[in-house]
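Below: the structure, in structure tokens.
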Amino acid sequence: MSSDEQREHAAETAGTESGVDTAGSGAGAGTTSRSSADSDAHTTTSAATGAEAPLVSVQNLEKYFWENDSLLDRLLGGEPVAVRAVDGVSFDIYEGETLGLVGESGCGKSTTGETLLRLQEPTGGRVEFGGENVYEMDNGAVTDFRQSAQVVFQDPFSSLDPRMTIGDIVQQPLDIHDVGTTDERRARVRDLLERVGLSTDQLDRYPHEFSGGQRQRIGIARALALEPEFLVLDEPTSALDVSVQAQVLNLLEDLQDEFDLTYLLISHDLSVIRHICDRVAVMYLGEIVEIGPVEELFDDPKHPYTKALLESVPRATTEERERDRETLAGDVPSPRDPPSGCRFRTRCPMVIPPEDLQIEQETFREIMTARERIENRDISLETVGGEQIEFEDGSVPSADVPAFVDLLHERLFDEPLPGRHREVVDEALAELADSDWEAAESTLRMEYESVCERENPGLGEGAHPVACHLYGEAGTGENAIDPDTWS
Amino acid sequence: MISDRLKSSLKREFDQSLMAKLGLSIALVIILVATFAPILATHHPGQTGHFDEEGSSYPPIGFDYQTHAWEDGDDGRERIPHTVQPTSEHVLGTNNLGQDVYSRMLFGARTSLLVGLIGTGLAAAFGVPFGLVAGYFGGRTDDSMMRVADIMLAFPSLVLAIALIGVFGRSVQYIPDPIVMAGFAEGMPEYAVLPGTVTLVVALVNWVWFARVARGEALAIRNEEYVKAARSLGASNWTVLRKHVLPNSLTPIIVLATIQVAAIILLESSLSYLGFSGTTLSWGYEISQGQDYLRTAWWISTIPGVAIVLAVISINLLGDWLRDALDPNIEGEGGV
């Protein structure tokens, strides 16, 4: 990203920031809207510092976990399997802003957060904090980094050591970094507890004597003890009651203004993201598919996955009853064996058909799903024919093949496919009558292979990049759907 | 470290459980007896030659000999005990060497407890850090460290102990007895005897159990978010181990230590029964002394046997009580 683009981006961030009040979008019952004074404060911070280099710059970060990788597995000749929790993620976080990281459970959000804080060692890529590579720091630099980058965890019940008093917990960072005298540390702990809204006479209590919201405040006080510049908030409210969520979010916003904090907010809750973030990055299966300013992304989502994600949020209006929510079909694929090309293509409602093919999107989607099942060997051929058709040694008697194909066709498709597509598909299904999976696969691939499965679209550049072929060259072909027409 | 919650849980479990009360009372008696052995003893434990007028060992109070002639008219006459009440200065009789059994039981309790407690302490001192390090660091470190532990476990403990004693030789430490030194007990031995090699060996045999339990706890605790939080604060591995992993893994280790005291007392008794102990003032050694006289002077073996059983059972009952009180997941059995 050139410095010009950064400036432009910062201006845009600031622009959306001072704009429409975002809180009305349903950030929870007790949420109060962000005051305009807050917004102004944000605007000045972002504008003043935005021209500089980003505070945190994540470049191609990778974190794979290896399965079957023990000594014994290796002796027995097992191949280690990579679980690609985070697979080439890049984004920048500018001073004073809040970047949201949103995605389904298991898409690698939390791993990204932990890896960029170097709580886990990455498999590849780099993270720069204030211009310095976090993974190449020597011990002294790491100590400084630990002071300036902190984390608030999701579960307020396991993030506090049950055998330490509240006072000890909040004082621990000061002890570790040897800040001030004992008396100064105690005074600082009192200040911090008061600042997050707890009473100082609870210093000697144990965590189990507090409620979830109070414990999360203790966790925040601990994270703030060393006066960090940057906080990773790893689902800080998802374990809390809705009313308490709003209190904690408001506290986090107030603290951001007071201490000039930069946040990375990890969440699967879109209303939380919309309430507190300046920019949002959407993650799917270890990759970022779209990054944009929060208003732009919510009002005009580009990536089909972002659209589906926003679509899935229930809205508090009476029209809601009538609305037919288009939820995503299928499950998230396994990160052990992610789909080729675009990772979302197995569930995408807007897969781009080949240039020369005449086909409705719905039909194409059905064929894609059937192809997916064939590639995964996910059809039990024995049961297709039922009682009538014999299925022995992996094949059907040649006389019964047409009947077998019809039954299989019926099973895979709700409606029979129109015209030529039926011919092509049935040709492939006939090959399945001999259990020739590879032949069926290649027959279908020849005809229906989409650009979405050949190439990973990659995240572009600019203020609102999106990783989708619909916005690249392939999206200009006549077969591609205009993404704006879909809802 | 001991919270109010823990105290109340210990008390509730204690009130509910007859077994806990029984275990604690017996254990307290044994501890008191072992501590004040020189005062409570009636005779010097090593003093031999206490025989009755016929040259036989004295039976315990409540028992006496009966002369029994074999029916085939053999002139070999044998004295076997029957129940007539004599008065005797030897409460539990005397053994084959004419030593006072009661006094030897008291001093034997010292040996058992010393070996049990010091041995457990040594085993824990080595096994707990070993297991915590293996579990906390995981991966290759864990694999290689626990293989060492598995190899230790593969040997039968008694065979391993005997082999180790063979390597180290038998040494005995003499610890000055403050009670005798202060002049409260005239004519009693001035030194308590600690079979040093045996203590070391039982620790070497049993540290593995501490290592395994500590490793399991550390494996679970290292994934807790408070450990991640501490690391994100910049805490070193040493700090995390000391401040978070150790305190949070103590509960099962304490329960294990209690039960290990009993196991080690048993192992020490086996070793001294087999004659590897280095001291003769031991319950296990007493059993071996009396085994040739079981038919005629049963008390020489039986009484130390009962002592071992009582000690082991009472300590195990204590262990059960601690486990029930410390583990919220196990419902106490209630009153028995």
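Throughout, a chain's letter reflects where its sequence line sits, starting with A, and its residues are numbered from 1.
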remark   = Rounding to 0.5 Å, atoms OG (S158(A)) and CG (N223(B)) come to a distance of 10.5 Å

Let me have the donor-acceptor pairs involving side chains of residues 189-199 of chain A, under 3.5 Å, with sequence neighbours excluded, atom names and distances please.
| from | atom 1 | to | atom 2 | distance (Å) |
| --- | --- | --- | --- | --- |
| R195(A) | NE | E258(A) | OE1 | 2.6 |
| R195(A) | NE | E258(A) | OE2 | 3.1 |
| R195(A) | NH2 | E258(A) | OE1 | 2.6 |
| S199(A) | OG | D201(A) | N | 3.3 |
| S199(A) | OG | D201(A) | OD1 | 2.2 |

request  = Please indicate whether F155(B) has more than 12 foreign heavy atoms, meaning atoms of other residues, nucleotides or ligands, lying under 6.0 Å from its CZ.
outcome  = no

Heavy-atom side-chain proximity of L233(B) to R222(A) below 4.5 angstrom = yes

ask   = Knowing that exactly one of V152(A), L119(A), V232(A) qualifies, which makes a side chain to side chain contact (heavy atoms under 4.5 Å, CB included) with S232(B)?
value = L119(A)

note = The interface call for Q147(A) against chain B, heavy-atom contacts under 4.5 Å, is neither

query = What distance separates Y226(B) OH from Q172(A) CD, expressed to the nearest 0.5 Å?
reply = 11.5 Å

key: Least distance between heavy atoms, S159(A) atom then A229(B) atom   = O-CB, 4.3 Å

ask   = Has N139(A) got more than 12 heavy atoms of other residues, nucleotides or ligands less than 6.0 Å from its CG?
value = no

key: Partners meeting side chain to side chain contact (heavy atoms under 4.5 Å, CB included) with F126(B) (sequence neighbours left out)   = F130(B), W207(B)

A149(A) portion near chain B, given a 4.5 angstrom heavy-atom threshold = backbone

query = So how far is it from D161(A) CG to E224(B) CD, rounded to the nearest 0.5 Å?
reply = 9.0 Å

query = Which region of T143(A), side chain (C-beta onward) or backbone (N, CA, C, O), has a non-hydrogen atom less than 4.5 Å from a non-hydrogen atom of chain B, or is it both or neither?
reply = neither

query = When rounded to the nearest 0.5 angstrom, what distance separates NZ in K243(B) from CG in D175(A)?
reply = 5.5 Å

remark   = For N248(B) and P162(A), the nearest pair of non-hydrogen atoms, with its separation, is OD1-CG, 3.4 Å

ask   = For K228(B) and E114(A), which heavy atoms make the closest approach, and how far apart are they?
value = NZ-OE2, 2.9 Å

query = Rounded to the nearest 0.5 Å, how far apart are CZ of R163(A) and CG of L246(B)?
reply = 10.0 Å

inquiry  = Between M164(A) and H244(B), is there a side-chain heavy-atom distance shorter than 4.5 Å?
reply    = yes

note = Looking only at Q120(A), Q150(A), R118(A), most heavy-atom pairs under 4.5 Å shared with chain B are made by Q150(A)

